[in-house]
There are 2 protein chains.
Amino acid sequence: MAIASIITGLYILRWVKKQDPGNERTRFVGGAIKDGSHAFLRRMYKTLAIFVAGMSIILFVFLPNPIWATSNPLNNVILVAAYLFGSICSGLAGYLGMDVATDSNMRSAHAAQKGITRAFLISFRGGAVTGLAVVGLALLGVSIIYFFTSNPNVIIGFSFGASAMALFAKAGGGIYTKTADIAADLVGKVEMDLPEDDPRNPAVIADNVGDNVGDCAGMGADLFDSYVASLMAVMLLGVVLGGYLVELPLIFAGLGIASALIGIFLVNVKEGQDPGAVLSNGTYVTCVLYLGLTAVATYLQGYNWRLWGASAVGLLIGVLIGMTTEYFTSTNKPPTQITAASSLTGPAVTIITGFSYGLISVLPPLVGIGLGSYAAYTLCEGIGPGYGVYGIGISAFGMLSVVAMIIAGDSFGPIGDNAKGIAEMSGFSEESVNILDKLDAAGNTTKAITKGFAIGAAGLTVISILAAYKEVAEVYLGKAIEFDLMNPIVMVGAFIGIAMPPVFSALLMLGVGKNAQRMIEEVRRQFREIPGLREGKEGVNPDYAKCVDIATVGALQELMPATIIIIGTTLGVGLIFGVIGLGGYLAGSIFSGLIFALLMSNAGGLWDNAKKYIEEGHHGGKHSEAHKAAVIGDTVGDPFKDTAGPSLNTMVTVIGLVANIFLPLFLIYALIR
Amino acid sequence: MAIASIITGLYILRWVKKQDPGNERTRFVGGAIKDGSHAFLRRMYKTLAIFVAGMSIILFVFLPNPIWATSNPLNNVILVAAYLFGSICSGLAGYLGMDVATDSNMRSAHAAQKGITRAFLISFRGGAVTGLAVVGLALLGVSIIYFFTSNPNVIIGFSFGASAMALFAKAGGGIYTKTADIAADLVGKVEMDLPEDDPRNPAVIADNVGDNVGDCAGMGADLFDSYVASLMAVMLLGVVLGGYLVELPLIFAGLGIASALIGIFLVNVKEGQDPGAVLSNGTYVTCVLYLGLTAVATYLQGYNWRLWGASAVGLLIGVLIGMTTEYFTSTNKPPTQITAASSLTGPAVTIITGFSYGLISVLPPLVGIGLGSYAAYTLCEGIGPGYGVYGIGISAFGMLSVVAMIIAGDSFGPIGDNAKGIAEMSGFSEESVNILDKLDAAGNTTKAITKGFAIGAAGLTVISILAAYKEVAEVYLGKAIEFDLMNPIVMVGAFIGIAMPPVFSALLMLGVGKNAQRMIEEVRRQFREIPGLREGKEGVNPDYAKCVDIATVGALQELMPATIIIIGTTLGVGLIFGVIGLGGYLAGSIFSGLIFALLMSNAGGLWDNAKKYIEEGHHGGKHSEAHKAAVIGDTVGDPFKDTAGPSLNTMVTVIGLVANIFLPLFLIYALIR
């Protein structure tokens, strides 16, 4: 199925590339975005090569056993190879996603001149390529490693490689995209009074590149990481129990891909249809197909039905979380409308109101994740002792099984957004811009839902990573361990763990500020020093590449300390407080990571849509005082929802994998054992 | 010592009342504030009477054993009596604190005309009365109950009474004070262009009342509650261990009061001295005295030195948390200055930057609390099994032992703030207003430190409440229980628990918004309908009382649903997921409660001071664009730091006490046992 997925992905890619890329201007703008995106990825991968090399050395020297204390150094080589393989696959998935996105955007823009059907199809299928590439590569990678080594422990290495890469892609892309966004708005719109997406603005390409690297490449790498981590955790848990439980997730994963393939080909918008509804229907069809196919497999293979139930629970919870996310961020629901109305009293009230709804919005998903994991556990513990945590793992994986479809829906948004930008810069008719605007709006709603889905899946995944961590530790130690909250070592770990997500998000957001400052200066410089740029003289183009470069270098520079602090603290806690303390730390980071991921994503989405709601003509419409207040809310929300919030999933996963992979060291060298 | 504390408090109260209350205008303004404050408390206590009556009935019917299933209904009566007694003592402490604050403010304003020394002394001693009343009443109440019943379980009832009252006082006062503040600023300053504290503004008295009910009465009731809860938890833990461990906290409490008494009389500002430094020195002297006195007691009574060590650890952590709080909120430290500088780029950046530093500021206190509880545990577990959690309790109590001094320093701020308002409304010379401004500024710094102290103490207290909960449950069950994080019941409890603090703070903040809306309309109405008010015609006074009334009724109306949701969810989790699930729930609420309390208090304080820093003349000073941005940040921070943040301590304590007091019911009726 993995190969089928990749082949289908390539087939769709060819279809996309065959579409007409439009006139010269379109191709020029689209080309600049494509070049910028490639420049970003090239630069990022170059920087990451250093990180990956360093990490490879550390892994080789210390793991799974210190090189001086092992009789079989080949194991260390295998682990490093798995790690490298994971990084490469994750990088490749991100690269492909971005590449096809930058192919689709101009073609979609061009197609919009002839109506919505084809424009939609190109945007959506562009996203589908990423989705298929992600799951295809993930499943293929895991299968290869499992086939060659039959050792799920090596998959941890693969998963860690994927996660570290995802963290850079997601958080680095997140810093990048907001840097460019702020600089483009602040100098372009505010200081120079240019309209949005004006080609004279040197930061405009960087801004559009940001959508691709943050949302397409970042989200691709992020979900690749969740998918692999979740698969890994459930396989590790399966190894302890034995039997068909190691293979079962691979089978279910294959069926998930099959369902998504069918779902993807069914999605099609006719003139006059609402693209948002079509996308949602596609997702629901995929879910139902998945449940049906896995039920058939369970029946034919004689799997225990309780496992199927756990996987269904996960999927259900995912859909429910997506729905509540939609409630809290959609323009036609009370939270957004009340926040929009509160903008009449000024920006401070907008922010307090939106933030408050963001706080409330964490409740349903948290209760959902809690009850979901409880239900999955109780269901499967009925099979026998130890099956409960496996059930949680399967439910997490159930949520992620339809991920190809989710990614397709999610990448669709930024492609539409980009296409709109290209259409505006190419001077297309208002009608075609409006069509693309519709796609953009539909994309915003799907994006909110998929974000909820991604966070929910990450929540269950990290719980199963924690469970896997515990099981593996027990195997090493040869005795049962417990993370009792009244054990002060667990407690001190938890207290440090809960502080990590806030600190990490703060460092990212402060990084955006610092980086934006640099870029703002560059944009101002170009307006000052390039003659004729401001006036829009024929043939005078700003130095787009310079802006892209500054934003890229800065983003990576800001990201590094945050990453090192997070990984360093995890290693420190493990080395000081040992396996038990680190268990508390992981649990703590899961708790506060989920809270802040939900709070920031939802509040950010809500402010964005409150602004859109006012722009639709409510409370005085554009340029009113209320609109100004709402714009401030939206600007606060930008780094919340696009930088800090979505990076937290990945951060928590990375922490969990670091704990798992370095576990043997903590067992030997920890201060408190 | 308790009685000595109360007597000294009354003595100082007489001293304050003997000071000259000033001329007619001062007395008129001061009187209006006093009347408004009394009106608030009267109305609040009336509303609370209904709540207290309802809760008394519930307690009587169900606890400690359901009335139909007990042979000894007298126990139920005793519990209700203890509950009522706790409510009354807490209410009395709040009432006294507010009463003396409203006596001191006008006298301090009057004295400022003759220099700083006496003005400072009146403000500080006014605060000291509250401090002494709080600890005196708390210790007296606990001692009486312990003397009559010898049953620390009954103290839970007393503590619950105090906590519920504190929640209303703190959160209700918090909603009230920000309602009045926003309305006074928005209509007065923005719409009508009146200066701050202008007597023509109908909301101005309500605003000054707010400082008294939010900061004086609220903080008094809050620390009363922490003090009692902490004392209760450690005594409960002591009962299980037996010996002198039940009495020891009472002895240490007495010595804490003695140290504070000496410290209070040593505090005195000479002309030219910095009042902030004098206050800090007073606190340090008190701490050192406390350590000395308890060391002597430990030596004389032959207590185990490890217990003394644990109490010293608590005090040390408290001071450290206070210091980091100061770092993150003080005008001469980088976080505030960087946030002020970021205001140059607009309000959104101010908010992102301040919020980010708020996020980072949670790290040191959380690590401190984690390490502190670990150190206290490890130290005391050396005495014997079971002593570890007792050690955590003693360390929490160590932090709170000097609370009389802390409250004196904390109440000082709002009294100075009020005095400044009165001086301005009475038309005093600029020189005396400047003196009071100095007191106000010194008050802001101490307030930040004491808030850190209060949150730290609450953190350790709730941990020991959780420990007490577990011990009591084990006694009932006759077997050991564990809150293992991998137990799905603990996990589902924890997931629900971590959602509670965000939801509670959101409801309070939304309540402020709704309530402010009502009051804004009333203020606008008065300006419209009272002839001559706007123009400041001689003899025309606005209807201050109406504004106070609207804000009061509204605050209580907004508070009730939040309180009922919190208590209801706690009972619900206990009845569904049983004792173990509720343990996870409590731990979860502690984790996220601490994060949000620290984040909101510190970010709020930081924005406030960033604004002040700009007003000192940096980045363009008052009326610059940067100042406007900083004002928006400050307005966002207001409900953060004065409504939601500080109420979370109390909320978490209330949850813990509800769990403790209803424990017998959960053991019998819970769905999952």
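Order of the sequence lines fixes the chain letters, A, B, ..., with proteins taken first and strands second; residue numbering starts at 1 for each chain.
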Checklist outcome for this item: If you tally heavy-atom pairs under 4.5 Å between each of Ser356(B), Ala376(B), Pro501(B) and chain A, the highest tally belongs to Ser356(B)
Checklist entry - Is there a side chain to side chain contact (heavy atoms under 4.5 Å, CB included) between Met509(B) and Thr353(A) once you walk through the steps? => result CA-CA 8 Å; Met509(B) 292 197 291; Thr353(A) 311; over 6 Å; no
Checklist entry - Where do Met500(B) and Leu363(A) land on the side chain to side chain contact (heavy atoms under 4.5 Å, CB included) test, with the steps shown first? => result CA-CA 8 Å; Met500(B) 286 298 114; Leu363(A) 181 69; 3.9 Å; yes
Item to check | Verdict with supporting geometry, Val636(A) and Phe355(B), side chain to side chain contact (heavy atoms under 4.5 Å, CB included) | outcome: CA-CA 10 Å; Val636(A) 171; Phe355(B) 190 76; over 6 Å; no
Checklist outcome for this item: Ranked by heavy-atom pairs below 4.5 Å to chain B, first place among Ile369(A), Ile489(A), Val349(A), Thr378(A) goes to Ile489(A)
Item to check | Under 4.5 Å from a heavy atom of chain B, the part of Val631(A) involved | outcome: neither
Checklist entry - Of all heavy-atom pairs between Ile360(B) and Leu507(A), which one has the smallest distance, and what is that distance? => result CD1-CD2, 4.3 Å
Item to check | Choice from Leu598(B), Ile351(B), Asp638(B) maximising heavy atom contacts with chain A below 4.5 Å | outcome: Ile351(B)
Checklist entry - Which heavy atom in Ile632(A) sits nearest to a heavy atom in Pro347(B), and how many Å separate them? => result CD1-CG, 3.4 Å
Next on the checklist: Can you tell me which portion of Leu599(A) sits under 4.5 Å from chain B's heavy atoms? Options are side chain, backbone, both or neither.
Outcome noted: side chain
Next on the checklist: Is there a side-chain contact between Leu510(A) and Tyr357(B) in this structure, where contact means two heavy atoms from C-beta onward sitting under 4.5 Å apart?
Outcome noted: yes
Checklist entry - Do the non-hydrogen side-chain atoms of Tyr377(A) and Asn487(B) ever get within less than 4.5 Å of each other? => result no
Next on the checklist: If you apply the rule side chain to side chain contact (heavy atoms under 4.5 Å, CB included), what do you find for Ile595(B) with Phe591(A), and how did you get there?
Outcome noted: CA-CA 11 Å; Ile595(B) 293 182; Phe591(A) 292 145; over 6 Å; no
Next on the checklist: Minimum heavy-atom separation for Phe483(A) and Met486(B), please, with both atom names.
Outcome noted: CD1-CG, 3.8 Å
Checklist outcome for this item: Among Leu366(B), Val503(B), Thr635(B), the residue with the most heavy-atom pairs under 4.5 Å to chain A is Leu366(B)
Checklist entry - Taking the six-membered ring where the residue is Trp, are the ring centres of Tyr374(A) and Phe577(B) under 6.0 Å apart? => result yes
Checklist outcome for this item: One should read off an interatomic distance between Lys514(A) NZ and Ile338(B) CD1, to the nearest 0.5 angstrom, of 7.5 Å
Checklist entry - Of all heavy-atom pairs between Ala587(A) and Leu485(B), which one has the smallest distance, and what is that distance? => result CB-CD1, 3.5 Å
Item to check | With sequence neighbours excluded, residues passing side chain to side chain contact (heavy atoms under 4.5 Å, CB included) with Val512(B) | outcome: Ile175(B), Lys178(B), Ile182(B), Thr643(B)
Checklist outcome for this item: Okay, Glu381(B) and chain A: the region with an atom under 4.5 Å from a heavy atom over there is neither
Next on the checklist: Tell me the closest heavy-atom pair linking Leu359(B) and Ala506(A), and the distance in Å.
Outcome noted: CB-CB, 3.8 Å
Item to check | Residue, of Ile463(B), Ile496(B), Ile498(B), that accumulates the most heavy atom pairs under 4.5 Å with chain A | outcome: Ile498(B)
Checklist entry - Side chain, backbone, both or neither: which part of Phe504(B) has a heavy atom under 4.5 Å from chain A? => result neither
